Structures are given as structure tokens and as C-alpha cells.
Number of protein chains: 2
Amino acid sequence: MDGKSVAGRIHDAIHRLTAAEKRAARGLLGSYPTLGLAPVAEFAEQAGASSATVLRFVAQLGYKSYPDFQRALREEMEARSKSPLQRGVPLGDQREPDSHFLDQFISRAADNLRATAGLIPPSEFEAVCTRLAETKAQCWLAGGRFTDFLAGYMEAHLRLIRPGVRRLDGRPATRTDQLIDIRPGDTVIIFDVRRYDPALVELAAELASQRAQIVLITDEWMSPVNRFAKLVLPCRTEMDRTWDANGSLLAVVEALLARTTELAWPSASKRMGAIERS
Amino acid sequence: MDGKSVAGRIHDAIHRLTAAEKRAARGLLGSYPTLGLAPVAEFAEQAGASSATVLRFVAQLGYKSYPDFQRALREEMEARSKSPLQRGVPLGDQREPDSHFLDQFISRAADNLRATAGLIPPSEFEAVCTRLAETKAQCWLAGGRFTDFLAGYMEAHLRLIRPGVRRLDGRPATRTDQLIDIRPGDTVIIFDVRRYDPALVELAAELASQRAQIVLITDEWMSPVNRFAKLVLPCRTEMDRTWDANGSLLAVVEALLARTTELAWPSASKRMGAIERS
DNA sequence: GCATTTATGAAACTACTGATACACAAGTTA
DNA sequence: TAACTTGTGTATCAGTAGTTTCATAAATGC
């Protein structure tokens with residue numbers, strides 16, 4: 001048996017595998033390496049395949065028997081726990097030397113996340129959450145061409161935890177109608193990233209004149225909307241020269257939702273329970 | 001069996017143990033939990049005792065059989081790797097003691113990203129991208145309650161780089177109409193995460209019978225849609241007991257888009273240029 | 001130092017797990 | 001559509017692991 005890790009062998013062999021064998025492979029990767037240390041029957045059950053298929057799967061990986069495969073797994077975890085440097089890295093994701101596109105991309109996305117955490121002052125973040133947990137004022141959401149989905153996502157979740165959540169429609173024409181309903185002190189969350197949408201700046205200007213409180217979620221280059229915003233949460237989005245990624249915006253949105261849920265728990269839990277039952 | 005950890009039980013029981021049994025205990029603690037997952041004979045050999053002694057040792061710990069003891073060990077490591085909160089903090093970046101909510105949240109989100117990279121075999125990822133770059137067949141997208149926004153986001157971007165992109169509407173009623181347009185060999189990307197949508201399973205079943213190629217993007221617990229899927233990209237989403245995060249799904253979507261753009265560059269660049277000018 | 005108790009490992013046993021063969025289903029090609 | 005190839009699960013078998021028994025060796029008490 002050569003020195004490759006079991007997870008590595010799976011990645012190498014997966015294209016040769018049949019549908020049921022792939023279920024076994026995914027099952028193992030999903031709870032790695034535990035499932036492989038269980039008896040064949042349990043492995044099969046958990047992965048949604050038959051024992052025979054699991055056996056064929058380990059044969060495909062190049063092991064001459066199931067016990068042999070299990071020994072490889074044990075030796076792998078033993079080696080890992082013995083080297084103090086690598087301790088703490090979960091077993092599944094040791095980087096193979098020939099890091100693939102997905103690995104590189106995700107690694108950069110993770111860098112962006114970390115940078116974003118550094119970019120946003122905790123007090124700003126907290127201020128937005130307390131404002132959202134405060135249900136006296138209404139809360140509106142608006143996004144641009146490629147960020148509208150974020151507004152939609154946030155709206156759907158925010159609706160679960162508080163009342164008075166509404167969405168500002170994308171088309172500038174219909175916006176003027178909606179502006180009538182906005183009251184002074186209402187919160188408006190605006191998403192805007194590079195190739196900034198001029199319509200959003202106009203919108204922000206009008207909202208500001210109506211004394212709405214604008215929260216801007218943007219990228220590191222700062223949408224011009226920030227002129228009118230009370231609170232700004234900038235996120236790192238740059239991947240390379242041609243590509244920006246909105247993953248960090250979503251992460252911030254989810255963090256906002258989680259924290260707001262926490263702050264508004266007494267009322268939010270009742271509301272969520274009621275929605276659940278309906 | 002009560003909930004105590006195996007290591008805890010050893011410490012509780014160690015004074016009752018006889019000399020040879022203590023050797024077994026020391027051996028297990030020395031390479032924990034690997035040695036306990038080996039066959040009895042190997043455990044015995046490594047610990048310098050006989051098989052019978054090892055058996056008596058696990059009996060002393062309160063397990064009614066050796067397999068029972070091994071299951072406890074597996075469940076223990078499974079629980080540990082599944083709960084991000086208890087997972088060992090990486091040695092390098094120890095969190096600031098007064099680390100703020102946002103930092104913690106984002107740090108866990110980054111963990112999820114990394115875990116996701118380990119969960120998805122590069123060849124599967126690549127297969128999806130080449131399929132998307134191939135413009136002969138049409139490409140459809142569908143999502144569930146909280147993942148529909150991902151379908152929308154992906155649709156918007158995919159439209160920029162290739163023709164024949166369409167969205168399957170959320171309401172089951174209108175779906176039957178749309179199914180008429182689907183041709184054998186078409187690609188359908190389905191998003192489905194926990195609290196899986198039964199409507200999506202139905203949809204997938206129908207699509208499979210029409211010989212559409214289904215690509216499933218799901219969470220680590222695997223939507224039942226996977227029975228019908230040709231390719232599956234599982235992502236880690238778990239944050240804590242009450243909250244799952246879709247950030248890793250979006251990261252994968254963006255990676256897919258970036259890679260597909262790369263693969264389809266000759267045609268995609270022309271198309272994007274034309275859209276730009278319009 | 002002898003008797004008694006307790007601990008320990010070797011060997012026999014049985015139960016269960018992993019392996020194999022086979023039949024059926026699904027998908028593919030002509 | 002029919003013939004064929006490939007994949008998949010069920011049932012059966014064989015081998016090995018876990019368990020038990022028992023004889024022997026320490027350890028302890030008298």
C-alpha cells in the first residue's frame with residue numbers, strides 16, 4: 001500500500017465509481033473517518049447503500065480487504081495525532097500538495113471573511129443588530145443588480161423574527177410609490193457593491209431627506225450611498241482582477257440575523273413558534 | 001450506557017483495575033482513541049497484555065461487549081468533530097478572550113468553508129463546471145424555501161456567460177408546465193438544505209424519469225434528492241444547534257461560476273462584451 | 001512456608017462480520 | 001424495442017474476531 005491518505009484516494013478514484021459507490025464515498029467524507037471504522041453493515045446503512053457496495057468501494061480504493069482499509073484509517077489518525085504541528089486540523093481536510101481550483105478559491109474566500117471581520121467595527125455591527133431587534137420602527141430592504149438576492153434572503157429570515165419587514169422593489173419607477181409608506185426613524189438596509197447602482201444613490205438621497213435611518217452593506221471600495229448612511233458595514237469582496245465575490249456579504253448578513261435573533265429572543269421565539277405551527 | 005466519555009470512565013475506574021488491566025488503560029490513553037478501535041488482539045499486543053485482559057478491562061469500564069465499547073468511542077469522536085464549538089482551537093490563531101460575536105461567527109463560517117473544500121471531490125466540482133460550460137444542452141435552476149435566492153443569484157450570473165439558462169419556478173403547480181420544455185440531457189441544478197423540501201424530491205423524480213441530468217447542491221446531511229442526482233456537491237452548513245448558514249453554498253456557487261467562466265472563456269467573453277454594450 | 005485467594009494468559013468455542021456468488025434491475029447501444 | 005452490458009442488492013458461506021473456560025502463576029494472609 002502506498003502512502004496516500006484515504007481521503008486522497010477517494011478524490012482520485014471518485015470518477016471511476018458508480019452511483020451507489022459514490023454514495024458510500026460521500027458518506028465517508030461526510031463523517032470522516034468515523035464511518036469507516038464502523039462495521040460494514042453500519043457503514044452501508046448510514047451511506048444508503050448495501051454492504052456489498054461498500055466492499056466494492058473499498059476495493060476500488062485499492063485495499064485488499066475491509067480490515068485492511070480500517071487499519072489504514074487508524075494509522076492515518078494515529079500519525080496525525082502524533083505530529084503536534086498539524087493537530088487541530090480536522091481529519092478530512094489535509095491539503096493535498098496539488099491544490100485544486102476549488103481549494104484555492106475557497107481559501108481566498110475564507111481570507112476575505114477574516115478580512116471582513118477586521119473591517120467592521122464591533123460597535124457598528126452591534127448597533128445595527130440592536131436597531132433591528134427594536135421593533136417599533138419598520139425595516140425596509142433594497143439591493144442592486146447582483147445584491148438584490150441578499151436583500152431577499154435577509155427579508156425572508158427577518159420576517160421570521162420580527163414584524164414590519166418590507167422590501168423595496170428593484171425598479172426605480174415603483175419605488176416612489178413605496179416611499180410614501182416610509183416614516184421618519186424607519187430603518188432601511190441597502191446593499192450596494194461595485195459597479196454601484198446610481199438608482200440606489202438617488203433612493204438613499206430621498207430616504208435621507210425623509211429622515212429614514214440608512215444602513216449600508218457594501219464592499220471595501222464603499223458605495224457612494226455612504227454619504228447618506230448612518231451605519232456602514234464594509235466587506236472584503238475582491239478575489240482577483242476580474243472577479244468579486246459576495247460571500248462575505250452573506251456571512252455578515254447571517255451574522256446579523258443570528259445576533260438579532262439572540263437580542264430579540266423573548267419576542268422572536270414566540271413569533272417563530274407561531275409561524276412554525278401555522 | 002450513560003453519557004460519560006470513555007476517557008472519563010477510565011479515570012473513574014483506574015484504581016479498581018489490576019496491574020495488567022492498568023497496562024491496557026495506559027496503552028489506550030497513550031494513543032487515544034485509535035488503539036481502542038483496533039481488534040482486541042492488536043490492542044492486547046500493543047498494550048502488553050492478553051486479549052482476555054483487555055476484555056476484562058472494557059467490562060470494568062461498564063461496557064457490555066467490546067463492539068459496544070468501540071461504538072462509544074466512535075460516537076465520541078463523531079460528536080467532537082461535528083460540534084464546531086467544542087472543536088480544538090487551532091494552535092496558531094487563538095481567539096482573543098473578549099472576541100466579539102461577529103468575529104466568532106465569521107471564524108466558524110470560515111471553518112465551514114474549509115470543511116466544504118474537503119467534502120467536495122475536485123473531480124465532481126470540475127465535472128459540474130465542464131457540463132455548465134457545455135452550451136449544447138439547456139440549464140435549469142431550482143431551489144427550496146431559503147435556497148431559492150441562490151438559484152436566482154446563480155441564474156443571473158450564468159446568463160451572462162452562456163445562453164439557455166432558465167429558472168424553475170418555486171410553486172409546484174406551475175412546475176408541471178415548465179417540465180414540458182425540458183429535454184433529455186438538459187442539466188438541472190437543484191439547491192436543497194435541511195428541512196428538505198418534499199416538492200423538490202418530487203420534482204427530481206420527475207426530472208430523472210425525463211432523463212435530465214441533476215446536479216444537487218446540498219448540506220452535509222444530504223437532501224433525499226441525492227437518490228436522483230448525477231452529481232452532488234455537499235457543503236458544510238452547521239453553525240450551532242439552532243442555526244445553519246448558507247455561506248458555504250454561496251461560496252461554492254461563486255467558485256462554480258468563476259471556473260465555468262474560465263472554461264467557457266472564448267464564447268463567454270464575447271457574450272459578456274455584447275451584453276455590456278447593450 | 002503453606003493455604004487461600006486473586007490475577008493472568010493459553011486454548012477452545014461460537015457468534016458475527018466480511019466476503020462471495022447469484023439473480024435481478026437499470027441503463028446503454030444497435 | 002430488443003439484446004446486451006453494467007450496476008446493485010439479497011442470500012449464503014467461510015473465516016476471523018470476540019468470548020468463555022480453565023489451568024497456572026502471583027500475591028496475600030495466616
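Letters A, B, ... are given to chains in the order of the sequence lines, protein chains preceding strands, and every chain is numbered from 1. As the structure is a computational prediction, the values presented were derived from the model and not from experiment.
Inspection of the B/Asn246 and A/Tyr153 side chains reveals an N or O donor paired with an N or O acceptor under 3.5 Å. Side chains of A/Glu78 and B/Thr34: a donor-acceptor N/O pair is present below 3.5 angstrom, by distance only. Looking only at atom types and distance, the side chain of A/Tyr63 has no donor-acceptor partner in the side chain of A/Gln70 under 3.5 Å away.
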### Query
Using Watson-Crick and G-U wobble pairs with both distances under 3.5 Å, what is the 5'-to-3' dot-bracket string of DNA chain C, with [ ] for crossing pairs and | for pairs outside the strand?
||||||||||||||||||||||||||||||
### Criterion side chain to side chain contact (heavy atoms under 4.5 Å, CB included) on B/Phe43 and B/Leu28, from CA distance to verdict
CA-CA 8 Å; B/Phe43 190 157; B/Leu28 178 53; 3.8 Å; yes
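Distance alone, capped at 3.5 Å, is enough to place a donor-acceptor pair between the B/Asp219 side chain and the B/Met222 backbone. A donor-acceptor pair under 3.5 Å is absent between the side-chain atoms of B/Ser223 and the main chain of B/Thr218, judged by distance alone. Remark: side-chain polar atoms of B/Arg167 are not paired, donor with acceptor, to backbone N or O of B/Leu141 under 3.5 angstrom. For B/Arg23 (side chain) and B/Gly48 (main-chain N/O), a donor-acceptor pair under 3.5 Å exists by modelled atom type. The backbone N or O of B/Thr187 sits nowhere less than 3.5 Å from a side-chain atom of B/Gln138 that would complete a donor-acceptor pair.
A nucleotide of DNA chain D counts as in contact with chain B when one of its atoms lies under 4.0 Å from a heavy atom; the first and last such, 5' to 3', are D/dG18 to D/dT19.
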## Note on the structure
With B for base contact, S for sugar-phosphate-only contact and - for none (protein heavy atoms under 4.0 Å), nucleotides 8-30 of chain C reads BBB-------SB-----------
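The number of heavy atoms from other shown groups lying within 6.0 Å of CD (A/Glu45) does not exceed 12.
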